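Labels below follow one simple rule: chain letters A, B, ... track the order of the sequence lines, proteins then strands, and each chain is numbered from 1. Scope of the values below: all heavy atoms of this structure, side chains included, with no hydrogens, waters or symmetry mates. Keep in mind that this is a model prediction, so the values were computed, not measured.
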There are 2 protein chains.
Amino acid sequence: MASLGELERSVMTLLWDSEHPLSANEVCEQLDEDLAVTTVLTVLARLEKKGMVLRERSSRPHRYAAVASREEHTVEMLNEVLGTVPDREAVLARFIGSVSESEAAALRRILG
Amino acid sequence: MASLGELERSVMTLLWDSEHPLSANEVCEQLDEDLAVTTVLTVLARLEKKGMVLRERSSRPHRYAAVASREEHTVEMLNEVLGTVPDREAVLARFIGSVSESEAAALRRILG
DNA sequence: GCAACACTTCTACGGCTTGTAGAAAGTTGC
DNA sequence: GCAACTTTCTACAAGCCGTAGAAGTGTTGC
């Protein structure tokens, strides 16, 4: 449900990496591709509709910010994936079996 | 890349839950929806093209089996999601912070 | 061998998503 | 009020997915 297209992801990445909300123009300039501003506005509107972006309509130009942090959003994605199976733990067990030793160590540390 | 539509997922679920490879007809019968066999064949062909299903062309009717187990496939999905961020561990930390205590315990056990 | 049947391939279409952007409408500073 | 800037509306093409008919190929009982 909250999966992203390529351009959508590029835009989200800019918003995630920015301290402040950005205008469509700023997003446009910071993108690698050379796109029309209307294209960026369309994408921002779609992201807003998906609930991923918050728009400040008070200021002119409007400013856009990510609703959730990159990490929050990605955890949601993980849970979405895990929600497709009947046995989360079976998947997590296999996942953990597949990670590097250093990452496993990090996980142990996090789990206290 | 390996994301699934709704019908595709239903079909994969049948293949995952079955001990033996299934024919298109068997899949068709076991599906809840009442679909034409050609529909199921189309979906199976698409899943084969995506590399998710293996088709035994030797036997007639052809038999279809999942290439990877449900768990293997889901772990792939998890890694795909984690591949979209620059800092896997940051996401995993937050993920772990969000799981239930009993699941956290299970994770500790798995990590040894 | 051939007729009837079973199975597969080919082709197609409609709906949805995504990238893309022009035309038109709205806003604002002067 | 006008020029410059910004936003909205509308649209289109490509791709994915659900859906399935028509046509082709293989199989089997006689």
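- When the side-chain contact (heavy atoms from CB on, under 4.5 Å) test is applied to B:S58, the partners found at least two apart in sequence or on another chain are B:E56.
- Mapping A:S58 and A:V40 onto DNA chain C by nearest heavy atom places A:V40 closer to the 5' end of the strand.
- Applying the side chain to side chain donor-acceptor pair (under 3.5 Å) test to residues at least two apart or on different chains, the pairs with a partner in residues 85-99 of chain A are A:N79-A:R88, A:R88-B:E103, A:R94-B:E72.
- The side-chain contact (heavy atoms from CB on, under 4.5 Å) search around B:V81 returns A:T74, A:M77, A:L78, A:V81, not counting sequence neighbours.
- Residue B:H73 comes nearest to B:A2 through the heavy atom pair NE2-O, 3.5 Å, listed as atom of the first residue, atom of the second, then distance.
- Each ring-ring contact (aromatic ring centres under 6.0 Å, His included) pair with one or both residues in residues 88-112 of chain A, not counting sequence neighbours, would appear here, but there are none.
- Atom CG in A:L35 sits roughly 5 Å away from atom P in C:dT20 (whole-Å rounding).
- Nucleic acid contact for B:K49: none, since no nucleic acid atom lies under 4.0 Å from a heavy atom of the residue.
- Counting 5' to 3', DNA chain D first comes under 4.0 angstrom of a heavy atom of chain B and last does so at the ends given by D:dC17 to D:dT27.
- Shown here are the side-chain contact (heavy atoms from CB on, under 4.5 Å) partners of A:E101, two or more places apart in sequence or in another chain: A:A104, A:R108.
- Taking B:R109 as the reference, nothing meets the side-chain hydrogen bond (donor to acceptor under 3.5 Å, both in side chains) condition, with sequence neighbours excluded.
- For B:S102, the side-chain contact (heavy atoms from CB on, under 4.5 Å) partners are B:S100, not counting sequence neighbours.
- Apart from B:L15 itself, the hydrophobic cluster it occupies contains B:L4, B:L7, B:V11, B:M12, B:L14, B:W16, B:L22, B:V27, B:L31, B:L35, B:V37, B:V40, B:L41, B:V43, B:L44, B:L47, B:M52, B:V53, B:Y64, where clustering links Ile, Leu, Val, Met, Phe, Trp and Tyr at side-chain heavy-atom distances under 4.5 Å.
- Partners of A:H62 according to the ring-ring contact (aromatic ring centres under 6.0 Å, His included) rule, which considers only residues two or more places apart in sequence or in another chain, do not exist here.
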Original post:
Could you write nucleotides 8-15 of chain C as a row of B, S and -, 5' to 3', where a protein heavy atom under 4.0 Å of any base atom gives B, of only sugar-phosphate atoms gives S, and otherwise -?
Top reply: BB--B---
**OP:** Any chance you could encode DNA chain D as dot-bracket? Rule is Watson-Crick or G-U wobble with both distances under 3.5 Å; [ ] for pairs crossing earlier ones, | for another strand.
**Re:** ||||||||||||||||||||||||||||||
